[in-house]
There are 2 protein chains.
Amino acid sequence: MTARSSLPFDPIAEARRQWEAHGWHRAAPGMALVTSVIRVQQLFLARIDAVLRPFDLSFARFELLALLSFSRRGALPLSKAGERLQVHPASITNVVNRLEADGLVRRTPHERDRRTTLVELLPAGRDVLAGAMAALNEEVFAHPGVSLPEARAIVDLLREIRLGAGDFEEGGSRLP
Amino acid sequence: MTARSSLPFDPIAEARRQWEAHGWHRAAPGMALVTSVIRVQQLFLARIDAVLRPFDLSFARFELLALLSFSRRGALPLSKAGERLQVHPASITNVVNRLEADGLVRRTPHERDRRTTLVELLPAGRDVLAGAMAALNEEVFAHPGVSLPEARAIVDLLREIRLGAGDFEEGGSRLP
DNA sequence: TGACATTACTTGGACTTCCAAGTATTATGG
DNA sequence: CCATAATACTTGGAAGTCCAAGTAATGTCA
């Protein structure tokens, strides 16, 4: 679970020192930022995977179940799901295959557009999701490792990065 | 490269709305934090991979080359490298296999401890690293998508999360 | 209408990461 | 000293991701 023994020093601070020592002053802060984000993501994902393992879910599979449960009809085109979860179409196919094999969702043809396939949340999927959601909320999301104001601050700052990267449009309407 | 079309709204804000609507108030901020970190990591990693592709390097391979270049003798035990890069031993084996096949590093037996294998940076590896480092610094690290004070703020906040997760010990000595 | 582009999904392959188990070597304690 | 534990690395397998290419269906424009 990437839970190696803890180091006697901050590896990112050490890396920054190396960058400065080599004269890469303009890049050092960005390097520290990028490396920090990657590392914290690893830590979060390790915790998430550990919590979801008893439910036989990966985070990607959990996200798809959650997304479907929030949709009006409990069903979405694969393309819409991939767009919302920001993953490659092939990955969606893979995730849906797994969930379908476990009986948590099923594929349904689209009524008008025969290119499109819908993923539909099944009752069994809703049950598994409920348990996984409670566990994740309690064991990970409720204890992210920083105070509430700090969490808000990080989310706001990271939002700027996502916006700058063209992840979404500022101030759009609702309606997914 | 996970560079799907941009959404007309912020998917994380939308998710938070769903959490609140379901009464999961205690978990909503943490959910937004965790999801933000995961998404920004994907964005950074996509940019990094694109820049490193011409050098035939993954970020993991780049990190190992950089780590070796910073070490006094240009060589480290596999175990030390894995510890510093915070990855599974099997992953280090894999990364070293790739770099060795490309002639960028080589394995060397440890003089005293015959269990241990050293990875040694070869001149070809140093050359490739120099180019990749310049490209990464210029094209990614120098433009992380936020201002310098904001970058510092994020690094400091994320440091708290890493520290709380037992990633490293506060105020240790230098010496990697 | 009919060629051509676009969209939606699937498939196969290359990579990567992790875990579990196995081999080899070194350290430890009675 | 020797059985046992711990450490270092490798291997094989399961998952997951992405890309490139392929099939099928729909849209577009002359």
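Treat the numbers as computed from the prediction; the structure is a model and nothing was measured.
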In terms of side-chain geometry, is the basic nitrogen of Glu138(A) or Arg26(B) positioned less than 4.0 Å from the acidic oxygen of its partner?
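Salt bridge present between Glu138(A) and Arg26(B).
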Nucleotide [N], atom [atom2] - distance to [atom1] of [X] in whole Å:
| X | N | atom1 | atom2 | result |
| --- | --- | --- | --- | --- |
| Arg61(B) | dT17(C) | CZ | P | 9 Å |
| Arg115(B) | dT7(D) | CZ | C1' | 5 Å |
| Asn94(A) | dA14(C) | CG | P | 17 Å |
| Asn97(A) | dG16(D) | CG | P | 11 Å |
| Asp49(A) | dA14(D) | CG | P | 18 Å |
| Leu52(A) | dG16(D) | CG | P | 11 Å |
| Arg98(A) | dT17(D) | CZ | C1' | 15 Å |
| Leu64(A) | dG16(D) | CG | C1' | 15 Å |

Which nucleotide wins on minimum distance to the side chain of [X], given the candidates [options]?
| X | options | value |
| --- | --- | --- |
| His88(B) | dC18(C), dT17(C), dA24(D) | dC18(C) |
| Thr93(B) | dT11(D), dA8(D), dT11(C) | dT11(D) |
| Leu78(A) | dC18(D), dC9(C), dC18(C) | dC9(C) |
| Asp113(B) | dT25(C), dC15(C), dC9(D) | dT25(C) |
| Thr116(B) | dG12(D), dC18(D), dC9(D) | dC9(D) |

Using a cut-off of strictly less than 4.0 Å, decide whether [X] has a side-chain nitrogen or oxygen near OP1 or OP2 of [N].
| X | N | value |
| --- | --- | --- |
| Ser58(A) | dG16(D) | yes |
| Arg107(A) | dT10(C) | yes |
| Arg114(A) | dT26(D) | yes |

What's the shortest heavy-atom distance between Val155(A) and Ser36(B), and which atoms?
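Heavy-atom minimum between the residues: CG1-OG, 3.9 Å.
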Between Glu20(B) and Ala28(B), which heavy-atom pair has the shortest distance, and what is it?
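Nearest heavy atoms, Glu20(B) then Ala28(B): OE2-CB, 3.4 Å.
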Other residues, nucleotides and ligands only: do more than 12 of their heavy atoms fall within 6.0 Å of CZ on Arg107(A)?
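Yes, enclosed.
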For Arg112(A) and Leu57(A), take the nucleotide of DNA chain D holding the closest heavy atom to each; which residue's nucleotide lies nearer the 5' end?
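Final value for this comparison: Leu57(A).
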Taking for each residue the nucleotide of DNA chain D with the nearest heavy atom, is it Ala90(A) or Ile92(B) whose nucleotide lies nearer the 5' end?
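Here Ile92(B) is the residue nearer the 5' end.
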Below 30° counts as parallel, above 60° as perpendicular, anything between as tilted: where do the rings of His22(B) and Phe70(A) land?
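Rings of His22(B) and Phe70(A): tilted, 30 to 60°.
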